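Below: one structure, written as structure tokens.
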Amino acid sequence: SHFDSIGRGVIDLRDAVYFGSLAAIFLILAYGAIMGRKLAQGQEPARRLRVGVLLLVGILVVANLLGSYLSGRIDLTPGHAYTLAPATRNLVRSLNDIVTIKLFASDELPAEVALMKRDVDDLLGDLRSAGRGRIRIIERDPADDPEARREAGALGIQPVQFNVVGKSELQVKEGYLGLAVQYTDANEAIPFVRRTDDLEYRLAAAIRGLTRARKPQIGLVVAMEDWGREGRALAQVQEQLAKSYSVVPLSLGDTTQPGDSIQTLIILGQPDSISMGATRRLQAFFARGGSALVMTSGAPLSGARPQVSGKEPVWNQFLAPFGLKVRPDLVYDLASNQLVPLPGAAAYQPYPFWLRARPAGGTIITDGVGEVFLPWSSSLEFLPDTRAKLTPLLLSSRVAGIAEGEIDLTPTRQFPPVDLKQRLLAVSSQAGDSGAGPKGRVVVVGNMEFATDRYSGASGENVVFTLNAIDWLAQDEALIQIRSRDRTPPRLLFTSPTLQQGIKYANVILVPVLVMLFGVARLMGRRRRALIPWTPHAPPQSEAQ
């Protein structure tokens with residue numbers, strides 16, 4: 001765990017003491033071994049040397065053990081990913097009452113969970129310090145305390161089985177590593193901490209959701225076939241949204257919706273048509289400053305058909321005042337795509353219709369978001385002479401083409417390298433300051449299903465992007481910078497495979513060879529000096545007189 005902590009870019013005082021004391025112990029033992037050869041055994045100098053070495057080693061062992069109780073670290077990661085975000089500090093400092101965070105953790109956890117437990121302790125300690133008395137941390141061990149075990153069970157925290165590999169045996173042990181956030185009579189539990197890269201966001205969202213007097217409402221408009229079946233649902237997204245918002249299902253046929261209490265909509269799917277009444281209500285919604293996340297397609301899929309037809313989305317009439325439209329096509333990307341299994345064969349091949357979209361950058365919505373998986377996505381187009389502020393969010397690579405008309409979806413079809421260029425896949429738009437027309441915001445993605453459980457389960461970035469977009473639309477951006485923090489180590493990029501292999505073998509072979517050459521040079525120098533005959537040192541002229 002000490003090495004892993006330093007390897008990720010965090011210089012912790014505990015790790016520095018551990019490695020420093022360990023290195024000092026072996027240096028002192030080496031010094032004692034070398035000096036012991038020069039001293040006569042059984043004499044007073046040899047005894048003093050042994051006593052001194054043992055005393056120093058004992059002191060360093062004690063320092064090594066006590067070093068685990070020290071605190072303090074230097075975060076050298078990009079964006080200080082292991083330091084509390086400013087939004088988290090502001091959140092806990094603005095609390096009106098005490099929030100209690102209970103940590104249920106076993107004393108004996110497997111080695112692979114040790115670093116995770118230390119991350120949890122560090123994060124809770126940072127929250128306590130930033131809260132200035134408003135965050136109370138309580139740690140209990142349910143394994144040895146029946147009362148703590150009953151309380152953990154009441155909060156939904158259950159023991160988890162670990163596989164512990166010992167000497168010639170495999171043991172299965174139970175342990176706890178769960179959290180519960182409590183405020184007044186409400187609580188929210190994290191049954192088991194399986195990862196810590198998103199723990200700050202989960203705790204901040206729980207604290208914010210529990211301490212909020214009233215949650216804003218978000219309307220969910222679904223115009224998608226087979227909704228709720230085969231993973232076509234937003235369970236993962238709605239679970240995260242429920243911490244900060246109230247998600248209300250809406251129907252386009254309801255003449256009372258969207259009401260004044262709803263300022264943000266999530267629109268999924270592509271209906272064949274929309275009634276005049278629903279059109280007027282949506283136009284009035286945008287005219288009063290409403291915002292929407294529109295996930296639609298210019299070539300909607302129905303069932304498992306191997307072929308689709310492009311058509312103009314009905315939502316374009318509402319998107320036109322925001323300066324953009326969804327094209328009736330599908331984008332294929334010859335460079336950034338997903339591998340799919342070949343029918344009837346144990347092999348995989350790239351499927352250009354399944355895009356790995358790249359964030360455009362320069363916007364809070366895509367800050368910290370990696371590649372977003374977009375299966376069967378349409379391109380977007382900017383309209384001329386618009387006053388809206390348009391910002392690209394997701395882009396294809398520079399070798400992407402489009403398929404129009406009757407589109408064959410089979411993976412074995414030909415994807416012609418014609419008219420290849422970078423395509424717009426998701427765009428945000430903020431209405432201008434004109435008196436007429438819409439006054440809100442929209443985020444448009446040319447894909448109906450990327451945020452559903454069917455595809456977001458294999459790509460967590462889809463959920464992060466969706467949540468960021470909704471927070472931006474609701475103008476509630478406090479948690480975006482926390483959610484989008486990326487603790488993934490940046491990749492080393494090489495201009496050529498030759499350079500990559502050269503650096504690899506330089507680390508494996510060249511560094512040890514350099515150390516060996518230095519040692520050989522030192523040894524040859526000592527032997528050369530040993531051959532020089534001894535001559536007495538000539539005294540200065542004044543002393544000779």
Side-chain angles (χ1 to χ4, degrees), residues 217-229 232-234 237-238 247-303 305 308-330 376-383 386 388 404-405 407 425-429 431 436-452 466 469-470 473-474:
Q217 288 188 338
I218 291 180
L220 176 60
V221 178
V222 177
M224 185 186 297
E225 295 184 10
D226 299 329
W227 179 252
R229 288 183 289 177
R232 290 190 169 185
L234 293 178
V237 173
Q238 288 185 252
V247 181
V248 181
L250 301 182
S251 172
L252 293 177
D254 190 343
T255 58
T256 63
Q257 295 294 346
D260 294 338
S261 61
I262 296 176
Q263 296 296 322
T264 306
L265 293 178
I266 302 174
I267 300 176
L268 295 95
Q270 166 68 309
D272 294 329
S273 62
I274 184 171
S275 67
M276 291 299 299
T279 300
R280 287 193 296 269
R281 290 193 296 275
L282 287 175
Q283 289 174 342
F285 170 79
F286 288 115
R288 61 178 168 89
S291 301
L293 169 62
V294 181
M295 294 179 281
T296 187
S297 174
L301 274 70
S302 178
R305 296 179 183 176
V308 296
S309 301
K311 61 181 180 179
E312 191 82 10
V314 298
W315 308 116
N316 279 349
Q317 59 180 312
F318 305 106
L319 300 179
F322 289 95
L324 55 95
K325 64 177 290 187
V326 181
R327 291 174 49 86
D329 60 24
L330 286 183
W376 300 297
S377 187
S378 299
S379 63
L380 307 182
E381 180 183 341
F382 289 168
L383 300 180
T386 180
E404 299 178 289
I407 305 172
L425 303 174
V427 176
S428 68
S429 176
K439 300 179 178 60
R441 303 175 173 185
V442 294
V443 171
V444 183
V445 185
N447 190 285
M448 296 192 302
E449 298 189 61
F450 81 101
T452 61
T466 305
I470 294 171
L473 292 168

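Atoms considered below: every heavy atom in the structure, side chains included; atoms not considered: hydrogens, waters and symmetry mates. Positions are given from 1 along the sequence. Given the structure is predicted, the values throughout are model-derived calculations rather than measurements.
- Between the side chain of Trp315 and the backbone N or O of Gly269, at least one donor-acceptor pair lies under 3.5 Å.
- The two residues Ala426 and Val445 come nearest to each other via the heavy atoms CB-CG2, 3.9 Å.
- A heavy-atom distance below 4.5 Å is not found between the side chains of Ser291 and Val442.
- In this structure, Ser377 contributes its side chain and Gly446 its backbone to a donor-acceptor pair below 3.5 Å.
- You'll find the side chain of Val294 stays beyond 4.5 Å of the side chain of Val443, heavy atoms only.
- Formation of a donor-acceptor pair under 3.5 Å by the Thr452 side chain with backbone atoms of Arg232 is not found in this model.
- The side-chain hydrogen bond (donor to acceptor under 3.5 Å, both in side chains) check on Trp376 picks up Tyr351, with sequence neighbours excluded.
- Counting only distance, with no hydrogens or angles, the side chain of Asp329 and the backbone of Glu404 share no donor-acceptor pair below 3.5 Å.
- The distance from atom CD1 of Ile274 to atom CZ of Arg281, rounded to the nearest 0.5 Å, is 8.5 Å.
- A distance-only check finds a donor-acceptor pair linking the side chain of Ser378 to the backbone of Gly298 [under 3.5 Å].
- Here the closest heavy-atom approach between residue Gly259 and residue Arg288 is recorded as O-NH2, 2.9 Å.
- Shown here for Gln270 and Val314, the closest heavy-atom pair between the two residues is OE1-N, 3.4 Å.
- Applying the side-chain contact (heavy atoms from CB on, under 4.5 Å) test between Leu319 and each of Thr296, Val326, Val427 identifies Val326 as the sole match.
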Derivation of the side chain to side chain contact (heavy atoms under 4.5 Å, CB included) call for Lys325 and Val444: CA-CA 9 Å; Lys325 64 177 290 187; Val444 183; over 6 Å; no
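- Side-chain contact between Ile470 and Ile266 is present, with heavy atoms from C-beta onward closer than 4.5 Å.
- The residues Arg327 and Glu312 are annotated as not salt-bridged, no charged nitrogen and carboxylate oxygen being separated by less than 4.0 angstrom.
- Rounded to the nearest 0.5 angstrom, Leu330 CG and Ser297 OG are separated by 5.5 Å.
- A side chain to side chain donor-acceptor pair (under 3.5 Å) check over residues 252-266, counting only residues at least two apart or in different chains, returns the pairs Gln217-Ser261, Asp254-Thr256.
- When all heavy atoms of Ala299 and Val308 are compared, the closest pair comes out as CB-CG2, 4.0 Å.
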What verdict does the side chain to side chain contact (heavy atoms under 4.5 Å, CB included) test give for Gln317 and Thr279, after you've listed the backbone C-alpha separation in whole Å, the side-chain angles of each residue and the deciding distance to 0.1 Å? CA-CA 9 Å; Gln317 59 180 312; Thr279 300; 3.6 Å; yes
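- Closest approach of Ser309 and Pro300 over heavy atoms only: O-CD, 4.4 Å.
- Atom-to-atom distance recorded for Leu265:CG and Ile218:CD1 is 9.5 Å, nearest 0.5 angstrom.
- Note that CG of Leu324 is 8.0 Å distant from CG of Asn316, once rounded to the nearest 0.5 Å.
- Summarising the geometry of Leu293 relative to Ala469, their closest heavy-atom pair is CD1-CB, 4.4 Å, with the distance given to 0.1 Å.
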Go through the steps for Leu220 and Leu268 under the test side chain to side chain contact (heavy atoms under 4.5 Å, CB included), then give the verdict. CA-CA 8 Å; Leu220 176 60; Leu268 295 95; 3.3 Å; yes
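- In this structure, Phe322 and Phe286 have perpendicular ring planes: the angle between them is above 60°, well past the 30° mark.
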